[in-house]
2 protein chains.
Amino acid sequence: MNKQTSLTDIARVANVSVATVSYALNNRPEVSEKTRQRIKEIANQMNYHPNKAAQGLRTHQSRLIGMLINTFNSMFNGELVDDIRETLDHYGYSLVVIGNSNADLIDSQLFDALIIFNYTTTKSNLTALIERTKIPIVLMANELDFANVDNIVIDNQSAITNLLKQYEKSQHQNICFFRGSRNSYNSAKRFASCRAYFEKYHPEYDVAAHTFNGHLESAPTYPIAKKLLSEKKYNFFFCLNDMMAYGVYRAASELHLKVGVDFSITGFDNAPKSGEIYLPKLTTADSQLNTWSQEVAKSLVSRLEHPETPAQKTILVPTKIVQGASILYK
Amino acid sequence: MNKQTSLTDIARVANVSVATVSYALNNRPEVSEKTRQRIKEIANQMNYHPNKAAQGLRTHQSRLIGMLINTFNSMFNGELVDDIRETLDHYGYSLVVIGNSNADLIDSQLFDALIIFNYTTTKSNLTALIERTKIPIVLMANELDFANVDNIVIDNQSAITNLLKQYEKSQHQNICFFRGSRNSYNSAKRFASCRAYFEKYHPEYDVAAHTFNGHLESAPTYPIAKKLLSEKKYNFFFCLNDMMAYGVYRAASELHLKVGVDFSITGFDNAPKSGEIYLPKLTTADSQLNTWSQEVAKSLVSRLEHPETPAQKTILVPTKIVQGASILYK
DNA sequence: CTGTTAGCGCTTTCAA
DNA sequence: TTGAAAGCGCTAACAG
């Protein structure tokens with residue numbers, strides 16, 4: 001491993017001072033155009049690349065944005081991450097993704113800002129992390145009230161309301177709900193919205209009594225759905241995410257029941273490739289990825305460049321109902 | 001953003017020199033046990049965390065391992081990444097994942113070693129990157145011959161041979177192949193193995209003439225499969241990955257043809273959750289994730305800790321055939 | 001327009 | 001057992 005070329009090396013070769021080299025390469029006005037060109041040339045030839053550690057140490061900023069995720073398995077939506085990465089890139093920041101268990105990296109002052117993508121975690125875990133971290137943070141699946149935190153989250157409530165409008169329109173009466181763990185922000189929000197809706201419009205219907213925990217996955221949902229479907233107790237399956245809806249689809253297929261004919265079902269998320277997998281197409285709520293990623297990136301960048309701007313607290317990302325053929329309108 | 005506590009801060013409070021603090025916190029023998037305890041106590045109270053940039057600048061190592069991936073969408077196998085992360089963690093290294101487009105980070109001497117997970121890229125791109133990087137590198141889906149590079153890849157050839165044994169056993173005759181782009185290392189390797197096999201055992205069968213490009217995805221495979229299935233020209237669909245097999249499943253379902261009854265099909269990868277999605281279960285080749293991640297992590301760590309050890313060049317990760325019910329044995 | 005120099009936070013040699 | 005000091009590569013204030 002022979003050493004990388006440093007500013008000093010270039011200065012020596014170019015017969016100028018390190019300051020001049022630094023000025024030249026950073027496109028600063030202090031240096032003449034001629035010198036700049038000459039130095040850039042030399043730097044290129046010597047295959048120079050600035051040392052990020054040194055830059056960071058000196059300037060107290062790395063232009064690195066850390067994204068924290070639960071597990072790499074949980075990265076259900078790479079497209080969203082790609083979008084954020086691209087936007088940040090455009091503003092001169094690099095996105096690096098790390099697992100929850102490497103959260104100590106955050107304490108080592110490696111990142112200028114943080115995106116927390118975890119959607120399953122306890123509030124106290126998160127709080128502890130945030131309290132000792134002073135850099136700008138965006139939470140994408142949580143709502144916490146700290147001076148340095150923006151919450152940019154799906155507008156679960158309006159989505160649920162719109163989904164439930166479909167339910168009303170379909171004139172079903174026997175609805176059941178599939179939710180996930182209480183530690184999932186989205187699942188909790190969505191469920192709360194369901195309860196609030198029924199509280200208001202159908203107070204006689206005890207939502208909790210007709211709710212099952214599918215753990216946000218298809219596998220645990222499947223056996224429950226199979227039992228419920230064969231009992232014919234419910235004819236509307238309201239799933240708080242698409243994966244659980246898939247578990248119901250599978251149960252139905254094995255029981256030779258037709259989705260959208262023998263019973264109705266909705267999902268949430270509009271999971272990528274769902275169009276290919278759900279037959280017939282699932283009616284679900286799509287979180288507008290583009291809007292979401294833009295908001296996240298812009299929020300971080302603006303707070304990085306204008307530290308005086310206060311955090312905007314909570315921003316709700318709109319959703320759109322994607323009409324499938326999974327509901328039977330009587 | 002009030003400043004983080006530094007070694008100097010601690011030294012001042014503890015009334016010792018920075019050197020002593022550094023010794024104490026790094027568990028070095030130069031300092032008395034009593035002082036160490038006292039300093040650790042203080043560091044804790046002051047919520048001290050070492051500055052990685054400074055450490056890196058001084059020691060010329062970051063204990064950061066970079067993983068390069070195409071796009072975050074392409075992260076088909078988070079489990080593998082999680083496994084690698086965990087093993088590296090155990091050895092005191094942190095894994096950080098970055099997108100292809102941020103490859104410049106690599107030049108900034110941020111990482112001690114590199115894992116390149118891209119499975120679709122041109123060789124020249126990769127070569128350029130590797131040639132200017134002197135740190136240890138592991139390629140997980142490519143084979144390149146450089147002093148600092150280990151290739152730790154799926155044993156595609158033996159897997160294909162085993163899969164084709166199933167074909168022989170099934171006594172089918174009309175086989176067609178679905179492959180991906182030539183830029184995909186795995187697809188290319190697998191296809192070459194198919195050709196070599198037929199060259200040897202069925203030289204009369206023109207593999208190339210019965211091969212279709214499904215781009216490794218189900219969507220583009222689906223219409224081709226639908227056409228082929230309705231023409232009834234082939235009764236064995238040999239897919240070079242599971243996603244394409246899914247496209248065939250879907251086409252079959254729409255044509256009311258039964259997988260494993262009306263025709264046979266195999267995949268490759270044993271994609272996670274495939275058990276839930278493929279009905280009936282797909283016969284496919286499983287790359288042993290555990291072995292793979294262990295090999296990757298260990299290779300890097302050993303070369304990091306014992307730089308004199310030469311790279312092992314190519315290591316083939318064994319696969320195992322997973323028997324589904326997607327083949328009709330006549 | 002260019003150079004000198006201090007210093008970011010840390011590790012490590014050398015001296016005490 | 002502890003401290004003083006140099007220096008990693010870079011930026012930026014200041015002097016010329």
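Each chain gets a letter, A, B and so on, in the order its sequence line appears, and its residues count up from 1. No experiment lies behind these values; they were computed from the predicted model shown.
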Taking atom C1' of dA12(D) as reference, at what distance in whole Å does atom OH of Tyr23(A) sit? 5 Å
Between Glu143(B) and Lys189(B), is there a salt bridge with N-O shorter than 4.0 Å? yes
Polar side chain donor-acceptor pair, Ser181(B) to Ser184(B), under 3.5 angstrom: no
Rounded to whole angstroms, how far apart are CG on Asn26(B) and C1' on dG9(C)? 13 Å
For DNA chain D, which residues of residues 38-50 of chain B approach it to below 4.0 angstrom with any heavy atom? none
Here the distance between atom P of dC14(C) and atom CD of Glu30(B), to the nearest Å, is 13 Å
Step-by-step side-chain contact (heavy atoms from CB on, under 4.5 Å) determination, Leu114(B) to Met67(B): CA-CA 6 Å; Leu114(B) 220 54; Met67(B) 176 179 261; over 6 Å; no
Before accepting this row, confirm whether a basic side-chain N of the pair Arg63(A)/Asp112(A) lies closer than 4.0 Å to the acidic partner's carboxylate O. no
Side-chain ion pair, Lys313(B) and Asp150(B), N-O less than 4.0 Å: no
Using a heavy-atom cut-off of 4.0 Å across all strands, would you classify Arg28(B) as base, sugar-phosphate, or nothing? sugar-phosphate
Nucleotide dC1(C), atom C1' - distance to CD of Gln37(A) in whole Å: 16 Å
Got a sec? Which of residues 55-62 of chain A come in under 4.0 Å of DNA chain D, heavy atoms? Gln55(A), Arg58(A), Thr59(A)
Pairwise 5' ranking along DNA chain D for Ala54(A) and Thr35(B), keeping only the more 5' one: Thr35(B)
List the steps and the verdict of side-chain contact (heavy atoms from CB on, under 4.5 Å) for Ile152(B) and Val317(B). CA-CA 7 Å; Ile152(B) 306 186; Val317(B) 180; 3.9 Å; yes
Before accepting this row, confirm whether a basic side-chain N of the pair Arg38(A)/Glu41(A) lies closer than 4.0 Å to the acidic partner's carboxylate O. no
Rounded distance (nearest 0.5 Å) linking atom CD of Gln294(B) with atom OG of Ser299(B): 12.0 Å
Pairing donors with acceptors under 3.5 angstrom, does anything connect the side chains of Asn102(A) and Asp89(B)? yes
Proximity to DNA chain C (any heavy atom under 4.0 Å), residues of residues 10-21 of chain B only: Ala19(B)
Kindly indicate whether the side chain of Asn51(B), heavy atoms from C-beta on, has any atom under 4.5 Å from the side chain of Gln4(B). no
